[in-house]
*Asks:* 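Quick one: the structure is below, and I'll ask about it shortly.
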Amino acid sequence: MYILECWIEHPVRQLNQTFSYLSDEPCEQGVRVIVDFNGRKITGFVETCVQTGKTPEELEQEYGYTLKYAEEILDSESLLTEELHDLAHWMSRETLSTRISCFQAMLPAKIKPLSNRREIVREQWVTLSDKEVSLTPKQLEAYQYVQNQGTMLYSVLRKQYPNQAKALVEKGALILQEKEKEAAALSIQETSEPLALTPEQAQVFTEIQASRDMVFLLQGVTGSGKTEVYLQLAQEILKQGRQVLILVPEISLTPQMIDRVSSRFGNTLAIYHSGLNDQEKYEQYRMVKEKKARVVVGTRSAVFLPFHDLGLIVMDEEHDPSYKQENQPAYHCRDIAIHRAQYHHCKIVLGSATPSLDSYARAIRGVYHLVTLKHRINETLPKVDILSLRECMKKGQSYILSDPLKEKIAQRLEKHQQVILLLNRRGYSSVLRCRECQEPVICPHCDIAMSYHREERVMKCHTCGTILPVPRVCPECGSTAGYTSYGFGTQRLEETLQEAFPDARLLRMDADTTSRKNSHQKILEQFGRHEADILLGTQMIAKGLDYPDVTLVGVLNGDDGLNRTDYRSCETTFDLLMQAGGRSGRAEEPGEVVYQVYNTDHYAVQCAARQDYETFFRYEMQFRHAGQYPPYTYLIALTFTDKNEKKAEETARWYDQNLQGEFRKIGVISLNKIQDRYRKRILLKGKDLAKMKEAVAELLERSESRYTKDVRIDVNPMVLD
Ligand code: ADP
Ligand code: ZN
Ligand code: ZN
């Protein structure tokens, strides 16, 4: 008899412990089992399997209760490699989340240990048997058809020989076998040749190759040829027979990137992203596990694929927020990627035009090896116009579309050129501005804009928790005209545009219009075929700026984020402005970019217009230092949600009282309600992340801990409002 220690998902509490079950057969670590837990059949993950000579009675004595038998062992071999098993444990400690949630995050949905089992698609194949049977001429023809192929899908045979296929199987001439469905092999020709590197690219390429360092930060302005450097580094690794992982943000997984990789490396490519259905993900997973895929292009979750011999990891647009998982386990893909690179002794290249502040700060300290590309391949930058909304509003113009911007749009429409309008939406509805001078309400303690809570009609600071009434008199200009939210969404913008340009064909892209699979891609393709004149949308279209007919890109509400409701919102806004400003003028007409902003001389606006990352970095680091925000400190956010506000508050208070250590505790702060759930938060801020994590972990493990699914823990949170 064997004792299995299994990780299982508790329906309410987040438990980080295994439960014991019996089995007559042995099994491997990482195999899934069905077990009974309080009368429910749920799936668990085997951690250990130990043989025992004891009788059930002796075991009952030892454990103090009757051990149950596992109902079923689902897999014959482990789903995870040893590396991934250890990674789950490491990740669980790093993100302060349960082991089982880490296993779940790592596996495609088809094989996740969830309570309701999902079926894996199986296919029937036929092969020849060596049995001698007499066949009709037509049956013989069908038999020979299979013989020529060796083995084939039963469905294909039935289609070809609808009247013979079944008879051949029944007579025993053919053997029917079930196999798991395999990913259709991509049949892609390797059509593109490596480009001759520019001297700057060659310098970066050689430096990375020659260095003994492991983590590289490649900072290169947009269009400087970073992708070509990735591809050539990858090629060297493939020559050695090792695997390559190229990580891309959720949104930029446009056909362009896939085309570029696949046309270079052909059939050995696997693609892994959230647009795949469960079966497709599962098939790609197996392609990697069985070493059929040698290059993988994928989004965040591709970092968990079961590679055997990774030789290189590339993380493009490393600053992108989609690399951070918001749900538990709230991991950052970069941390996982670096951890895996260490395991495989391979290099990892983080690339971006606007690296995250944390990464750049590490590169400057020498933790990462910094390499830079300062020049664009085609040397031209579009002209950036900074338009003052304040001035325009003084003249009575619309704060959604100012007159000068309208005029520029009209000119393009007349010439049958295309326009892209980007709407910066972070926290748009919660910032209030003075009707007279458009200054927002700033927290007296944080230098961060306060968020308006509509239901309670008060201003709250999401960083320190200060609550204030909406001011009667503007402290900036003395006006009593009152405050209002100048925020607007994409829908409102669409209406305004349609009114101003009744004949223009508009395409809108935001969370509402892209909820369906591939709709994101379809909209971009439609726009690429010039079936619309104006594309408007949120940050998500920032990556699709490179269309030959687009000669104007406008960023609206360009600096709403600069009146931070979050310590990082300035960085996010800068990224967006840079991306818009960095669009290459591929068209005959030089590209033009307009930032429609309130603070024309804010450093983020000015630096983005000049594509000057370094100066922005220096300014922003001063702000972070003054406020003691990351990367000068570490944060851990604990968020408590409940439909019942009192309960959320109570749990938060309990944590607040019981969490002790060398860090500041900020909170309990009330956040805006989301989907009818009240949200309360405690923020830990300190210099020693390890100690902070320890304090939280200790509390979670205490038996009276209130660690339920309504508690969300985020180590190094990216978003605070
Ligand atoms: P980034 O990834 O830095 O934004 P890309 O890799 O997309 O830049 O390069 C921008 C453009 O320059 C692409 O169209 C690419 O094909 C082209 N390009 C890159 N490297 C070279 C090179 N060495 N010679 C010629 N064209 C190049
Ligand atoms: Zn004012
Ligand atoms: Zn504050």
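When reading the values below, keep in mind they use all heavy atoms of this one structure, side chains included, and skip hydrogens, waters and symmetry mates. Just follow the structure's listing: the first ligand is 1, and inside any ligand the first atom is 1. Keep in mind it's a predicted model, so treat the numbers as computed, not measured.
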*Asks:* When you check the gap from the basic side-chain N to the acidic O, do K374 and E200 get nearer than 4.0 Å?
*Replies:* no
*Asks:* Does I377 approach ligand 1 within less than 4.0 angstrom via side chain, backbone, both or neither, non-hydrogen atoms only?
*Replies:*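 The part of I377 near ligand 1 is the side chain, not the backbone.
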*Asks:* So which bit of A353 gets within less than 4.0 Å of ligand 1, heavy atoms only: side chain, backbone, both or neither?
*Replies:*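 For A353, no heavy atom sits under 4.0 Å from ligand 1.
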*Asks:* Between R334 (side chain) and E318 (backbone), is there a donor-acceptor pair under 3.5 Å?
*Replies:*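 The answer is yes, because a donor-acceptor pair under 3.5 Å joins these two groups.
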*Asks:* In plain terms, say whether R390 and E439 are close enough for a salt bridge, that is, a side-chain N and a carboxylate O under 4.0 Å apart.
*Replies:*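 Answer for the salt bridge query: yes.
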*Asks:* Decide, yes or no, whether a salt bridge links E649 with R653 under the criterion of side-chain N to carboxylate O below 4.0 Å.
*Replies:* yes
*Asks:* Quick one: name the protein N/O/S atoms under 2.8 Å from the Zn ion (ligand 3), chain by chain.
*Replies:* C443 SG, C446 SG, C461 SG, C464 SG
*Asks:* Got an N/O contact under 3.5 Å between G223 and ligand 1?
*Replies:*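 Yes; at least one N/O pair falls below 3.5 Å.
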*Asks:* Please determine whether salt bridge (charged side-chain N to carboxylate O under 4.0 Å, His left out) holds for the pair E236 and K347, giving the CA-CA distance in whole Å, both sets of side-chain angles, and the decisive distance to 0.1 Å.
*Replies:* CA-CA 12 Å; E236 293 303 311; K347 288 178 180 165; over 6 Å; no
*Asks:* Counting only heavy atoms, which portion of R260 has something under 4.0 Å from ligand 1: side chain, backbone, both, or neither?
*Replies:*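 It is the side chain that touches ligand 1; the backbone stays farther off.
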*Asks:* Quick one: which of Q201, E200, R376, E228 has a heavy atom closest to atom 23 (N) of ligand 1?
*Replies:* Q201
*Asks:* Please evaluate residues Y629 and F623 with respect to the criterion side-chain contact (heavy atoms from CB on, under 4.5 Å), reporting the C-alpha separation (whole Å), side-chain torsions for both, the decisive distance (0.1 Å), and the verdict.
*Replies:* CA-CA 8 Å; Y629 293 111; F623 164 79; 3.8 Å; yes
*Asks:* Taking distance alone, with N or O pairs closer than 3.5 Å, would you say G225 contacts ligand 1?
*Replies:* yes
*Asks:* Does the distance from a Lys or Arg side-chain N to an Asp or Glu carboxylate O, for R568 and E620, drop under 4.0 Å?
*Replies:* no
*Asks:* Within the structure, does T222 bring an N/O atom to less than 3.5 angstrom of an N/O atom in ligand 1?
*Replies:* no
*Asks:* For R362 and Y368: C-alpha separation, side-chain torsions, deciding distance, then whether side chain to side chain donor-acceptor pair (under 3.5 Å) applies.
*Replies:* CA-CA 6 Å; R362 280 194 198 120; Y368 300 162; 2.9 Å; yes
*Asks:* What atoms in ligand 1 come closer than 4.0 Å to a heavy atom of A196?
*Replies:*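 Numbered from 1, ligand 1 contributes 22 (C), 23 (N), 24 (N).
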*Asks:* Determine the sole option in R664, K687, K685 for which the side-chain hydrogen bond (donor to acceptor under 3.5 Å, both in side chains) test with Q628 is passed.
*Replies:* K687
*Asks:* Examine distances only and state if a side-chain atom of E228 and a backbone atom of L195 form a donor-acceptor pair shorter than 3.5 Å.
*Replies:* yes
*Asks:* When you measure from the side chain of K226 to the backbone of G220, do you find a donor-acceptor pair of N or O atoms at a distance under 3.5 Å?
*Replies:*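 Yes, because the side chain of K226 sits within donor-acceptor range (under 3.5 Å) of the backbone of G220.
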*Asks:* F617 and ring pair (Phe, Tyr, Trp, His ring centres under 6.0 Å): which partner among Y603, F574, Y360?
*Replies:* Y360
*Asks:* Would you check if there is a donor-acceptor pair between the side chains of K460 and T466 at a distance under 3.5 Å?
*Replies:*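 There is no such pair between these side chains.
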*Asks:* Run through the protein N/O/S atoms less than 2.8 Å from the Zn ion (ligand 2) and write them out by chain and number.
*Replies:* C434 SG, C437 SG, C474 SG, C477 SG
